There are 2 protein chains.
Amino acid sequence: MNIDKSLLSGSYGMMILSLLKEREKYGYQMINELALRSDDTFKMKEGTLYPILHSMEKQGYVESFEKKTDGGRVRRYYRITKKGLKALEEKKAMWKEYLSKVNAVMEPKPLESRG
Amino acid sequence: MNIDKSLLSGSYGMMILSLLKEREKYGYQMINELALRSDDTFKMKEGTLYPILHSMEKQGYVESFEKKTDGGRVRRYYRITKKGLKALEEKKAMWKEYLSKVNAVMEPKPLESRG
DNA sequence: TCCTATACATAGATTATCTATGTATAATAT
DNA sequence: ATATTATACATAGATAATCTATGTATAGGA
C-alpha cells in the first residue's frame, strides 16, 4: 500500500527519537531501520532526515559525535539526551491522545453511553 | 492536551468524509461536530475546512446544494458520493496500515517472533 | 577501472494547515 | 431600536513538514 505522505506529518520526529532511545545510531542507519521495520512503508529521504536531526540537536533532544568505522569511513552518530527522552514521552502521549480523538470522531458513542 | 497540529495532516479529509457518511451536513456543522466529538481537540478553522470541501467536490467525493432554514438563512449542504464512499474506505485502510507501521517501528518484534 | 552502496548535506518545491480578514444574516441582549 | 454575538461561507497569505533534486565524497565489489 502506498500511504499518503501527509499522514506522516509529525510522527517522524517521534519515530526517530524512539529509534535513538534503543541505542545511539547514525543517519543512514535510521533510514534503513525505518524501512526495514515498516516493510518499506516509511522510506525516509535524506532530505527529510538530516534537517530533522539538525533541528533536534539545536533543541537539545539529541547530541552527535563522529566515529570512524574499521574501513575508515566517518559516521555521525546521534544519542538521545535526557531532554530528548522527555520530549519522546510527551510526543507519545500526544500521539495516543490524537489516535483516541480521531477514533471518537469516526465512531461516536451513542448518547446513552457517554460519560 | 494541545496536540501538534502537524499530526493532523492528512486525517482531516478522512474525518470529514466519515462525518458525511452518517448524513448530509453543512460546513459550520462539521466544524462544531469535530470539536464536540473530540472534546475540543480538533478545532478546525474555516480556512481549513472550506478549501478541503471545495477540493473534494472537484474530485467528485462530495456534492453540494443550498438549503434554507426556517429563519431564512441559506446553508450549503454536502453529501458524500459513491466515489467519496470508496475514497473513505481507502483512506481508512491507509490509516490502519499507517498505525500498524508506526507501531512496528516503535515496538519492534524480537527476531525469534518475526514471520 | 567502473559502478553501486554508503553517508552526509543543502536548496527549492509541494502541500496541509493555520492566521487573518472579509462579507452577510440571525439571534440575543440592552 | 440598537448593539453585540453566533452563525455561515469565503479567500489570501503565512507557516511548517516533507519531498525532489542535486551535490560531494568514500568504500566495496564487479
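In what follows, every chain begins at residue 1, and chains take the letters A, B, ... in the order their sequences are listed. Small disclaimer: the values here were computed from a predicted structure and weren't measured.
Phosphate contact (OP1/OP2 of dA8(D), side-chain N/O of Tyr26(B), threshold under 4.0 Å): present. Applying the 4.0 Å criterion to OP1 and OP2 of dC9(D), one finds that Tyr50(B) has a side-chain N or O inside that range. Checking the phosphate oxygens (OP1, OP2) of dC19(D), no side-chain nitrogen or oxygen of Lys45(A) falls inside 4.0 Å. Taking only side-chain nitrogens and oxygens, His54(B) never comes nearer than 4.0 Å to OP1 or OP2 of dC9(D).
If you check every strand for non-hydrogen atoms under 4.0 Å, Gly47(B) touches a base. Heavy atoms of Ile52(B) sit under 4.0 angstrom from primed sugar atoms or phosphate atoms, though from no base atom. At a threshold of 4.0 angstrom between heavy atoms, the contacts of Gly13(A) with the nucleic acid are absent.
Out of dA9(C), dT7(D), dC8(C), the shortest distance to the side chain of Tyr28(B) is found at dT7(D). Here the side chain of Arg73(B) is nearest to one of dT25(C), dA7(C), dT18(D), namely dT25(C).
Rounded to a whole Å, the NZ atom of Lys43(B) is 17 Å from the C1' atom of dA6(D). Following rounding to the nearest Å, Ile31(B) (CD1) and dC9(D) (C1') show an atom-to-atom distance of 9 Å. Atom CD of Glu46(B) and atom C1' of dA24(C) are 13 Å apart (whole Å). Protein atom CG of Leu49(B) is 14 Å distant from nucleotide atom P of dA16(C), rounded to whole Å. Atoms CD (Gln29(B)) and C1' (dT7(D)) sit 12 Å apart, rounded to a whole Å. Rounded to whole Å, the distance from CZ on Arg76(A) to P on dA7(C) is 14 Å. Regarding Leu53(A), its CG atom lies at a distance of 14 Å from the P atom of dA17(D), rounded to whole Å. The separation between Lys68(B) atom NZ and dA8(D) atom P is 15 Å, rounded to whole Å.
Using a 4.0 Å cut-off between charged side-chain N and carboxylate O, Arg37(B) and Glu22(B) make a salt bridge. Taking 4.0 Å as the cut-off between side-chain N and carboxylate O, Glu33(B) and Lys25(B) count as a salt-bridged pair.
Mapping Met44(A) and Gly72(A) onto DNA chain D via the closest heavy atom, the residue that lands nearer the 5' end is Met44(A).
When all heavy atoms of Leu88(A) and Met14(A) are compared, the pair lying nearest together is CD1-O, 3.6 Å.
The aromatic rings of Phe42(A) and Tyr12(A) stand perpendicular to each other, their planes meeting at an angle above 60°, with 30° marking the opposite boundary. Taking the six-membered ring where tryptophan is involved, the planes of Phe65(A) and Tyr77(A) are essentially parallel, since the angle between them stays under 30° and well short of 60°.
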